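Written below as structure tokens is the structure these notes are about.
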Amino acid sequence: MHLRFYNHERILGSGPSATVVYAVQRRDSNSGAGFGNVIVYDNLLRSGVETDSPIVGRNQGMGVGSSLAENSGLTNFQLVFTAGKYNGSSLALQGLFPVAPLRTVFERAITGGTGKFRLARGYLLTTEVRATNTTLTGQLDAYITFR
């Protein structure tokens, strides 16, 4: 199964409406990837790249700056579906998030799921497709198999 969603994030430092915040900030870092930093997030998942695209769920999780070179962090998160045919289901994911230029593709593991995604395994390809001073939009392509 292949599913595509768009993660709409209000980035660190974008004020009280940020959907990504520091839980622990040991080092200053624009990306949050400073070694030892911990960030938490609750981003909107939309069906399209535009900010008025229908909301299909949320991307909720945390990231830890786990690289001494400060070029990546470890993420652990859930894609929680709140609308459409997957409403009430979720996907569990984990993996590295590199600090990289726009359009870089990176992969994380799908380690499980609930509801319609029970026993899911697979991978998620993420491509950051749009960035402003306060927002970051990522295209999420989930490739799912079931055991």
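Note that the structure is a prediction, hence the values are computed from the model and not measured.
Applying the side-chain contact (heavy atoms from CB on, under 4.5 Å) test between Asn59 and each of Leu91, Leu93, Asn43 identifies Asn43 as the sole match. Of the options Phe106, Phe77, Tyr41, a ring-ring contact (aromatic ring centres under 6.0 Å, His included) to Phe97 is made by Phe106 and by none of the others. In summary, of the residues considered (Asp141, Thr127, Thr126), a side-chain contact (heavy atoms from CB on, under 4.5 Å) with Val105 occurs for Thr127 alone.
In terms of heavy-atom proximity, Ile11 sits nearest to Ala18 at O-CB, 3.8 Å. Across all their heavy atoms, Arg46 and Glu50 have their closest contact at CD-O, 3.8 Å. Residues Ala83 and Ile55 approach most closely at CB-O, 3.6 Å, considering heavy atoms. Contact record, Ser53 with Ser47: CB-OG, 4.1 Å, taken as the closest heavy-atom pair. Residues Ser66 and Leu96 come closest through the heavy atom pair OG-CD2, 4.2 Å.
With hydrophobic clusters built from ILVMFWY side chains whose heavy atoms lie under 4.5 angstrom apart, Leu74 does not share a cluster with Val24. Cluster annotation: Leu45 and Tyr86 are assigned to the same hydrophobic cluster (Ile/Leu/Val/Met/Phe/Trp/Tyr, side-chain heavy-atom contacts under 4.5 Å, transitive). A continuous path of Ile, Leu, Val, Met, Phe, Trp and Tyr side chains, each step under 4.5 Å between heavy atoms, connects Phe5 with Met1, placing both in one hydrophobic cluster. At a threshold of 4.5 Å between side-chain heavy atoms, the hydrophobic network of Ile, Leu, Val, Met, Phe, Trp and Tyr places Val20 and Leu44 in two separate groups. A chain of hydrophobic side-chain contacts below 4.5 Å, direct or via other Ile, Leu, Val, Met, Phe, Trp or Tyr residues, connects Ile110 to Leu79.
Arg108 and Thr75 form a side-chain donor-acceptor contact under 3.5 Å, judged by distance and modelled atom types alone. Defined by atom type and a distance below 3.5 Å, a donor-acceptor pair is missing between the side-chain atoms of Asp42 and Thr19.
Between Met62 and Val64 there is a side-chain heavy-atom pair separated by less than 4.5 Å. Looking at heavy atoms from C-beta onward, Asn87 lies out of side-chain contact with Phe81 at the 4.5 angstrom threshold. Put simply, the side chain of Tyr22 does not reach to within 4.5 Å of the side chain of Val38, judged on heavy atoms.
Summarising the geometry, atom OG1 belonging to Thr111 is positioned 11.5 Å from atom CG belonging to Leu124; distances are rounded to the nearest 0.5 Å. Distance check, rounded to the nearest 0.5 Å: CZ of Arg103 to CD of Glu128 gives 10.0 Å. Atom CD1 in Ile39 sits 10.5 Å away from atom CD in Gln25 (nearest 0.5 Å). A distance of 5.5 Å separates CG in Leu125 from CD in Glu107, rounded to the nearest 0.5 Å.
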_Working note: Leu102 + Val129, criterion side-chain contact (heavy atoms from CB on, under 4.5 Å); need CA distance, chi angles, decisive distance, verdict._
CA-CA 6 Å; Leu102 206 61; Val129 294; 6.0 Å; no
*Tell me, with the steps shown, if Val21 and Val40 meet side-chain contact (heavy atoms from CB on, under 4.5 Å).*
CA-CA 6 Å; Val21 298; Val40 294; 3.6 Å; yes
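Within a 6.0 Å radius of CG in Asn133, no more than 12 heavy atoms belonging to other residues, nucleotides or ligands are found.
Between Glu9 and Arg130 there is no salt bridge, since no side-chain N of the basic residue sits under 4.0 Å from a carboxylate O of the acidic one.
For the side chain to side chain contact (heavy atoms under 4.5 Å, CB included) test, residues two or more places apart in sequence or in another chain that qualify with Thr51 are His8. Gln78 pairs by the side chain to side chain contact (heavy atoms under 4.5 Å, CB included) definition with Val80, Ser90, Ala92, not counting sequence neighbours.
Between the Ser89 side chain and the Lys116 main chain, a donor and an acceptor come within less than 3.5 Å of each other. When atom types are taken as modelled, the side chain of Asn37 and the backbone of Arg26 share a donor-acceptor pair closer than 3.5 angstrom.
Evaluation of the ring pair (Phe, Tyr, Trp, His ring centres under 6.0 Å) test over residues 127-147, restricted to residues two or more places apart or in two chains, returns His2-Tyr143, Tyr123-Tyr143.
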